[in-house]
Amino acid sequence: MANPKSIALPLAQQEYNTTDEAVTRRIIEQAVQDLAIEIDKLQKMQSVVASKSVKRHQFLLMGGKSV
């Protein structure tokens, strides 16, 4: 899983600046894309095959001795 990081949006200036608007738009697009990727990973983990393999792994760890 990717490490979430905080990106501060640039402050708005008094006059309209197309470059600042484009930068802000791109930052928001990247954040939405990152969220979509994380959601897709979570959905894949909840699939039947992955769910069974995770449960099997957890079951196998139950029998291990802890120090």
Side-chain angles (χ1 to χ4, degrees):
M1 187 165 134
N3 293 331
K5 57 184 175 183
S6 176
I7 300 174
L9 295 176
L11 296 175
Q13 297 178 358
Q14 294 292 4
E15 66 277 347
Y16 180 76
N17 186 338
T18 56
T19 305
D20 288 342
E21 191 269 338
V23 169
T24 302
R25 179 181 294 273
R26 186 63 187 138
I27 290 171
I28 293 171
E29 287 174 350
Q30 287 175 339
V32 170
Q33 185 179 18
D34 290 345
L35 287 172
I37 291 170
E38 289 299 320
I39 289 171
D40 186 50
K41 287 180 185 178
L42 289 172
Q43 287 175 340
K44 286 180 181 176
M45 285 179 62
Q46 292 176 347
S47 71
V48 176
V49 174
S51 178
K52 286 182 181 178
S53 65
V54 168
K55 287 179 183 175
R56 179 179 176 271
H57 184 69
Q58 288 173 340
F59 177 75
L60 292 173
L61 289 176
M62 285 175 25
K65 294 183 178 181
S66 57
V67 177

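- Around the CZ atom of Phe59, the shell of radius 6.0 Å holds no more than 12 heavy atoms that belong to other residues, nucleotides or ligands.
- Atom CD1 of Ile39 and atom CD of Gln43 lie 7.0 Å apart (nearest 0.5 Å).
- Atom CD1 of residue Ile28 and atom CZ of residue Arg25 lie 8.0 Å apart, to the nearest 0.5 angstrom.
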Would you tabulate the side-chain donor-acceptor contacts of residues 29-37 under 3.5 Å, counting partners in other chains and residues two or more places apart, or write 'none'?
residue, atom, partner, partner atom, Å
Glu29, OE1, Arg26, NH1, 3.3

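- Remark: Gln14 pairs with no residue by the side-chain contact (heavy atoms from CB on, under 4.5 Å) rule, at least two apart or across chains.
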